[in-house]
Structures are given as C-alpha cells and as structure tokens.
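Just the heavy atoms: all of them, side chains too, but no hydrogens, waters or symmetry mates, feed the values below. The model shown is predicted, which means the values in this text are computed figures rather than measured ones.
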Amino acid sequence: MKNVFFMAVLGLPVIAGCSTGHLEKQKTTAIATEALTFKDVTASSGITSKPTWKYGGPSIADLNGDGRYELMLSNHHREPAQLFWANGDAFTYTEHTRPIMKHDVHGIAPGDYDQDGDADLLISLGGGNGTKPQPPRLLRNDNGKFVDVTDQVGIAGMGARGRAVRWVDLDLDGDLDLIQINAAVLVDENIPRNLMFENLGNGTFKYVQNTEFENIDAERVLLTDINGDDIADLICFTPLSVWQGTGGFNFVDVSNTVLPKSALALDHVMTAADIDIDNDGDLDLYLARGKTYYELANNSLEFDPVSTRLDIRDEGNKSHDGVSFTADGDLVLSNFFRWYRGKEFEPKVYLGSAKTPIDSPLKGTELQDAKITITPDMAAGFPEDLDQSGWYLGYLGGGQWRFEWLLKDHLAWGLRTSISGVSSVQPDWPPSNTDLTDRLLINQGGTFIEPDFALPAEHKGNNWGVTHADFDNDGWQDLFVYRFGKLRQRLPDMLLRNQQGKGFVADFGHGATNAGIDSHGDMGATFDYNQDGKVDILSGDDNPGRWHLFENTTPLKNNYLQVQVGYSPQGVDPIGAQVWVNTEKNTVYRTVGSAGATHSQSLLNTVHVGLGSNAQAQSVTVRWRNGEEKTVSSVNANQRIQFP
C-alpha cells in the first residue's frame, strides 16, 4: 500500500474547500515517505470496556515507576472509570481490582502531590447540572492501592460542576498545586466557578481566591508555556482565551496581545494540543473544532440516499418540530433514543390520524438495534391535534410521509431517531451546520500567527480531539485528529503527516480507527505501549463507543530515542520538564505533560523523539521546572535513556 496517505478517504468522497483565509495560503507539497499502518490490538492487550460516553479522552501515566504507562479510562455515564495496569511483558494490561470512580466522571489527572514517588489521581465529577456541585476527588496512591483523601486534604468544601482538573506547580516551590476549570454556575449559585488550591507541602491544600481565574469562561484547558519563562500558561476554551502565568497564583488575560484577530474568542474549540511543528524550540497550537453533544442535539439531520436512512437529532427541551419525506414503500424505525434527564419517561410512537400508540424501537447494543417495520396502511393520515409528548408518524398518500415530535416539558438532554426506506427529505428547519475548520497557530516569540500554508482541505468537519507524536520517527511531530463522524457512523480519523514544518498532508488509510460502526470519534493518547520504538494510539470511541488500542505496525527505517524523565536530583517531579534532543540535522523540543488536552491530563514522562537517519543524538538536555538541568552527549539511537 504505497503512498496511501496522499489520498483522501480511500473510496470516500473528499470534503472540499476551506475558509477564505486558508484558500489564499500556499498549498503543501507532499514529501514522499512510507505509508503508516496500524492494527487493533485491544483484545490481545487485555483492555475491555463497555460502549458509553467517554467525555474527553484517557489519562496516561506511569503510576508505579516501572517505565510503562498505566491507562485511566473515563467512562462518563453509567459505567465507572477504569484503571489498567501495564504488565511486565510489555504487551498486555490487567484491570485494577475495583473501579477508581463510579459515574459522572469527567476529567482525570495523575500527579505526585505528596512527593512520595508515585502518582496520585485527581478526578473531576459532574455536578448534576448544577443541582449537586461536587469537589474533585483525590485518590492517594499507596503502593497501588487508592485511598480517597478528599476530606482530609482540605479540598472537600468547594463544590463545582466539575470538568477539567490539572496538577501544576503554580508557585514554583517544587510541589504540585491544583486547578479545576468547570462548567458555568447556575444564576442563583454563590460559589466560584473555577477552583485553585495551593499545596502546603504537608499533605494538605488551601483554597486560593482569584476573581479573574474563577470567572474564566471555559470548560477545558491546556497547560503550556507560550513564552519559555518556565511558568505555566493556560489555553482555555471555549471561547478561546490565553492566560499567562506571572508566578504565584496569578494569571493575566493576554488573548488580545498574543492571538491573531481571527482567533480571538474563537468558538467551538473542543481540544487543543501544543506541538513544536517546525522544530524552532517553541510550542505552537493546534485547535480541533467541533460541536458538543448539546449543540448536535439541535436540528441535526443526515440523509444517506444509498442506504435510504434518515438520521435525526434534536434537543430535549419543551419543543415541537417535524420533517416531511418521501418513501417508495415500507419504513423501518430504529435507534429511537432519549438522553435521560431526571425523569422516567419513554416517548411512544403515535401512528397515523388515529394516533395508534406503539413502543418506540429503543436503541440496543453497539452493533444491533431494535427495529420496527411500518407500512403505509399502519400509519394512514396524520393527526390534527398532537396532545401527548412523543413521536408522530403519518402516511399522507402518494409516497408522502410526515414525522413530528412533541415535548411538553424539558424531558431529555437530546432526542435521536433513524428511519430507513426514505427516498427524499424536506425538513421544516435548516439542519445544523457541522462544517467547521480547525486552526493551527504558529508561535513566534510568545505571539501566535496564522501559518503561511493551508491545512489540508479534508480537515473540515466536526473534530473532537487531537493528539500528536512522531509516528514515522523522521524527527517531525505529526498530528492525529479525531473526527466525530456522522450522526450514526464512525468515520476514519485524520492523521496529519508533518512535511518538515512546511505543512501537513492528510492520511485516512492508516487503519487506526474502528470505522463504520455506530460510534463517534472523541479523543485519545499516543505512546509506545509495547516498547518497540514506534508510537501507538489509544482511542476512545464515544456514545456508544469503546476504548481501542492500535499498534503501529509500520516497517520503519528511521531511528528513535526515548528519554525517560524522572525526579530531579533535588526531588522535583517531572511535570513541566523540558527536553531538547540535538542531532546533526535537527533539534527536537518537547515538554513533559499531555499530548493534547480536553478534560483529562496525562503525565507522559517518557519522551519519544524520532531521529530520522541519525545514528545518534549529539546531546540530550533535560531541564526541570525548578531550573535544575542535566545534559548528556553522544547518545546512540534506538534506546531508552533515563534522567537523572
């Protein structure tokens, strides 16, 4: 399969066009290289999961210091969050003996808050849509046993509608403080929206009041360092804003001075990743943009004339909507779904002018749904009066059908349905537009500008996640973008191959997507799970999707180096450490943290660097956040080295 990445969607139509600004930029000329291939090794690795909401991707960290990453998998809805321990064989995982947290899990963040040498877990929980604000839960890692110490450490008194949790050394005193970016409080609530706690160094925390930080309008955050001053900065979204750390517990909104006008208060940002795409020693930004659950549950419609299936999503508030369509024969109803909203209610389907009630064909398993066939005679006519909350279907004659839904109260967070056998559609409303464009911002001395090249036109759509790695070990960081896909169909995710800092080429034929089933792209992480020198991908397929591990099976010719960053000589943990790998042809700059972030945070302290054809690195330098630094010279390729 030669140069497969130069193609668009391998048999699928290319989504053409991009924004006016991007059309004026130069196109990227593809640099010939070998195709990348992945295979699904989820089953053989021992990772198991049930189809549910993922809510922003996994958290990856080495919890026991053995050099391999553990997997913390956030299942948001009715399934608990899972922890998988890496086994010593470098190929398999074993699930923790009990769930690390049950229900309504949003973000997970690993970090050694008590400085005992292993990573503890901070977990963000939802607040019952504002009715039950909860504090983040802190699980102390006691040699692989996790003890909930939330009440003892001083953070239990502050509740919120939890979203993104982060460990960060705000005052640069060597220990980890914590922040939590949350959903907006209700109008009658008198509590902070976002939370900040100082680590007192004795195993406890103190709430730090900061009015500007507490009122940041965002639910997701990326920790980065935009200006190289060793102080953490915040990329908050949505709307997009940049908050520069000034030391201590203060941040300044510098959005107007560091962002181009086209990116100010940019909406629909789902995930952000900081990545040095041009190897100039600073961190650029890739912003994946899409529409959330609630935005999709508002007049979203897709019709596939080949399969004859009409898919609909709409809001679950008090409302009344409808659509007309034609059909040549019988209809098949499937995938009727009401997103539970605190009330036990399942809407009936009322057929024809007689409003004959039948049970709706509820959504079934991941691969099979209940189905009901409706003939024109069964649904003859359409009622003049719709008096019950539910679905109404009627045959008007001459191949014409009418379908409406009525909610007399706020009964759901969203409604979904599918009707097969349709030949054409005439909705009462303009369908929701999900044709969005991602954004790439280039860092120039702490200020971001638009690149002089265009992203591939195929990137447009509804993208929920982005992570990065050097998948081909050529010395340039690539991007992996998660596409939500269609309303009921998983589409191949997009691998953006870095063209030596001069642009990207889209690859959809890599095999690192469980495409075609009833699920959606969400978010993932990249790491070398089997320690073979090639970066693999862990992906969370959302609603109703599972977790999937994809092994990089590409027969690569390039070399690599892995830099395992441990605690500094003075005992500072690796979060925020900076790594430089210098070769004859290149300098690669990386930081220890997450390779892209939404709600969860990872601790990727083994930095994987591609060396291309270089047989060694001239030097490798690690600098911890407290300024300690160590350099080694003449390091041979294709090995893992440890710092200190």
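In this structure, the salt bridge (charged side-chain N to carboxylate O under 4.0 Å, His left out) partners of Asp387, at least two apart in sequence or on a different chain, are Lys355. Taking Asp330 as the reference, nothing meets the salt bridge (charged side-chain N to carboxylate O under 4.0 Å, His left out) condition, with sequence neighbours excluded. Residues passing the ring pair (Phe, Tyr, Trp, His ring centres under 6.0 Å) test with Phe237, sequence neighbours excluded: none. Thr434 pairs by the side-chain contact (heavy atoms from CB on, under 4.5 Å) definition with Lys291, Leu296, Asn462, not counting sequence neighbours. Considering only residues two or more places apart in sequence or on other chains, Tyr395 meets the side-chain hydrogen bond (donor to acceptor under 3.5 Å, both in side chains) condition with none of them. With sequence neighbours excluded, the residues forming a salt bridge (charged side-chain N to carboxylate O under 4.0 Å, His left out) with Lys348 are Asp359, listed by chain and number. In this structure, Glu551 has no salt bridge (charged side-chain N to carboxylate O under 4.0 Å, His left out) partners at least two apart in sequence or on a different chain. Under the side-chain contact (heavy atoms from CB on, under 4.5 Å) criterion, Ser307 pairs with Asp304, Arg309, not counting sequence neighbours. In this structure Asn75 satisfies the side-chain hydrogen bond (donor to acceptor under 3.5 Å, both in side chains) test together with Gln82, Trp547, sequence neighbours excluded. Every residue meeting the side-chain contact (heavy atoms from CB on, under 4.5 Å) condition with Lys50, not counting sequence neighbours, appears here in chain and number order: Glu79. For Tyr340, the side-chain contact (heavy atoms from CB on, under 4.5 Å) partners two or more places apart in sequence, or in a different chain, are Arg78, Arg338, Glu344.
A distance of 9.0 Å separates CD1 in Ile123 from CE in Met72, rounded to the nearest 0.5 Å. Of the inter-residue distances, the one linking Met101 atom CE with Ser74 atom OG reads 12.5 Å to the nearest 0.5 angstrom. In this structure, CG in Leu393 is found 8.0 Å from CD1 in Ile358, a value given to the nearest 0.5 Å. Between the OG1 atom of Thr417 and the CZ atom of Arg313 there is a distance of 12.0 Å, given to the nearest 0.5 Å.
Of the residues Leu266, Val269, Asp217, the one that meets the side-chain contact (heavy atoms from CB on, under 4.5 Å) test with Thr238 is Val269.
For the pair Arg490 and Asp518, the salt-bridge criterion is not met [side-chain N within less than 4.0 Å of a carboxylate O]. Salt-bridge check for Asp435 with Lys460: passed, with a basic side-chain N closer than 4.0 Å to an acidic carboxylate O.
The backbone N or O of Pro431 sits nowhere less than 3.5 Å from a side-chain atom of Asn299 that would complete a donor-acceptor pair. Between the Arg193 side chain and the Ala218 main chain, a donor and an acceptor come within less than 3.5 Å of each other. A donor-acceptor pair is defined here as one N or O able to donate and one able to accept, closer than 3.5 Å; no such pair exists between the side chain of Ser300 and the backbone of Ala297.
The six-membered or imidazole ring of Tyr286 lies away from that of His468, with a centre-to-centre distance of 6.0 Å or more. Residues Phe484 and Trp464 bring their aromatic ring centres within 6.0 Å.
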Per-pair distances, 0.1 Å, donor-acceptor, side chain in residues 399-406, under 3.5 Å, sequence neighbours excluded:
from: Arg402; atom 1: NE; to: Glu404; atom 2: OE2; distance (Å): 2.9
from: Arg402; atom 1: NH1; to: Ser324; atom 2: OG; distance (Å): 2.8
from: Arg402; atom 1: NH1; to: Asp428; atom 2: OD1; distance (Å): 3.0
from: Arg402; atom 1: NH1; to: Asp428; atom 2: OD2; distance (Å): 3.4
from: Arg402; atom 1: NH2; to: Glu404; atom 2: OE2; distance (Å): 3.2
from: Arg402; atom 1: NH2; to: Asp428; atom 2: OD2; distance (Å): 2.5
from: Glu404; atom 1: OE1; to: His320; atom 2: NE2; distance (Å): 2.7
from: Trp405; atom 1: NE1; to: Asp314; atom 2: OD2; distance (Å): 2.9

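In terms of heavy atoms, Val535 sits closest to Phe471 at O-CD2, 3.7 Å. The minimum heavy-atom distance between Val221 and Cys236, with the atom names listed, is CG2-SG, 4.0 Å.
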